[in-house]
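Heads up: the structure comes next, in structure tokens.
Just so you know, these numbers use all the heavy atoms, side chains as well, and skip hydrogens, waters and symmetry mates. Remember, predicted model here, so these are calculated numbers, not experimental data.
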Amino acid sequence: VQLVESGGDLVQPGGSLRLSCAASGFTFSSYAIGWFRQAPGKEREGVQCISSSSGRTNFADSAKGRFTISRDNAKNTAYLEMNSLKPEDTAVYYCAANRDWGTGCRHHPWEYDYWGQGTQVTVSS
């Protein structure tokens, strides 16, 4: 089982990034995928999640209207499109997978079965 994030970078405030989460070793289409982030000295927080049926849940109020989660089951990949980035979005971003038995997205990190290694997003001028 593997989740590999990519797409993190240094970007100026107001810029955009698209993060990718490539999955292997499990039935991707049966899992909800969550994006989490962790800034230095802070707890890991949920950003957004997409269920196996592509229902979207926003966890972070700060991400609403700026971030969009999506998935492509044919490519076993989930994405997080991030626009209008702010310095406070700076963090390591992780994707995680949770078996979706029809209950949709889970909020808490400990409810997720598999995790990627993370990708660094830095928003700075």
Self-check item: Nearest heavy-atom neighbours spanning Tyr79 and Lys75
Solution: OH-CD, 4.0 Å

Exercise. Return yes if some donor-acceptor pair links the side-chain N/O of Gln117 with the main-chain N/O of Val4 below 3.5 Å, else return no.
Key: no

Quiz item: Do you reckon Val92 sits in the same ILVMFWY cluster as Phe59, going by side-chain contacts under 4.5 Å, direct or chained?
Solution: yes

Distance-only donor-acceptor pairs under 3.5 Å for side chains of residues 39-47, two or more places apart:
from	atom 1	to	atom 2	distance (Å)
Arg44	NE	Gln38	OE1	3.3
Arg44	NH2	Gln38	OE1	3.4
Glu45	OE2	Arg37	NE	2.6
Glu45	OE2	Arg37	NH2	3.1

Quiz item: Do Thr122 and Ser124 have a side chain donor and acceptor closer than 3.5 Å?
Solution: no

Practice problem: Return the orientation label for the Trp115 and Tyr94 ring planes: parallel under 30°, perpendicular over 60°, tilted otherwise. | Solution: perpendicular

Quiz prompt | Nearest non-hydrogen partners of Cys105 and Thr57, listed with the distance | solution = CB-OG1, 3.8 Å

Quiz item: For the atom pair OG1 (Thr119) and CG (Leu80), what is the distance rounded to the nearest 0.5 Å?
Solution: 11.0 Å

Exercise. Determine yes or no for a side-chain-to-main-chain donor-acceptor pair under 3.5 angstrom, with Asp113 supplying the side chain and Arg99 the backbone.
Key: yes

Quiz item: So which heavy atom on Gly104 is nearest to which on Ala32, and how close?
Solution: O-CB, 4.2 Å

Exercise. Establish, for the pair Arg71 and Tyr31, whether the NZ or CZ atom is under 6.0 angstrom from the six-membered ring centre and no further than 45 degrees off its axis.
Key: no

Quiz item: Do we see a donor-acceptor contact under 3.5 Å between the side chains of Asn58 and Arg56?
Solution: no

Quiz item: Less than 4.5 Å apart, any side-chain heavy atom of Val123 and any of Glu88?
Solution: no

Quiz prompt | Smallest separation among heavy atoms of Ile33 and Cys95, with atom names | solution = CG2-CB, 4.5 Å

Self-check item: Any residue meeting side chain to side chain donor-acceptor pair (under 3.5 Å) with Glu111, in chain and number order, not counting sequence neighbours
Solution: none

Practice problem: Applying side chain to side chain contact (heavy atoms under 4.5 Å, CB included), run through Asn83 and Ser16 and close with a yes or a no. | Solution: CA-CA 4 Å; Asn83 298 312; Ser16 298; 2.9 Å; yes

Quiz item: Does some side-chain heavy atom of Leu19 sit less than 4.5 Å from a side-chain heavy atom of Glu5?
Solution: no

Exercise. Could you pull out the closest heavy-atom pair between Phe28 and Asp72, with the gap in Å?
Key: CE2-O, 4.0 Å

Quiz item: Which is it for Phe26 and Leu3 under the side chain to side chain contact (heavy atoms under 4.5 Å, CB included) test, yes or no, and what are the steps along the way?
Solution: CA-CA 10 Å; Phe26 62 99; Leu3 292 171; 3.8 Å; yes

Quiz item: What's the verdict on side chain to side chain contact (heavy atoms under 4.5 Å, CB included) for Val121 and Met82, showing C-alpha distance, side-chain angles and the deciding distance?
Solution: CA-CA 10 Å; Val121 172; Met82 305 188 295; 3.9 Å; yes

Quiz item: Run the side chain to side chain contact (heavy atoms under 4.5 Å, CB included) check on Phe67 and Trp35 step by step: do they pass?
Solution: CA-CA 11 Å; Phe67 293 5; Trp35 282 99; over 6 Å; no

Quiz item: Got a second to check how far Leu10's CG is from Gln120's CD, nearest 0.5 Å?
Solution: 9.5 Å

Self-check item: Where Thr103 and Asp100 come nearest, the two heavy atoms and their spacing
Solution: N-OD1, 3.2 Å

Exercise. Measure the spacing between OG of Ser29 and CG of Asn76 and express it to the nearest 0.5 Å.
Key: 7.5 Å

Self-check item: Nearest-0.5 Å distance, NE2 of residue His107 to CZ of residue Phe36
Solution: 7.5 Å

Quiz item: Is Ile69 linked to Leu85 within one hydrophobic cluster, defined over Ile, Leu, Val, Met, Phe, Trp and Tyr using a side-chain heavy-atom separation of less than 4.5 Å?
Solution: yes

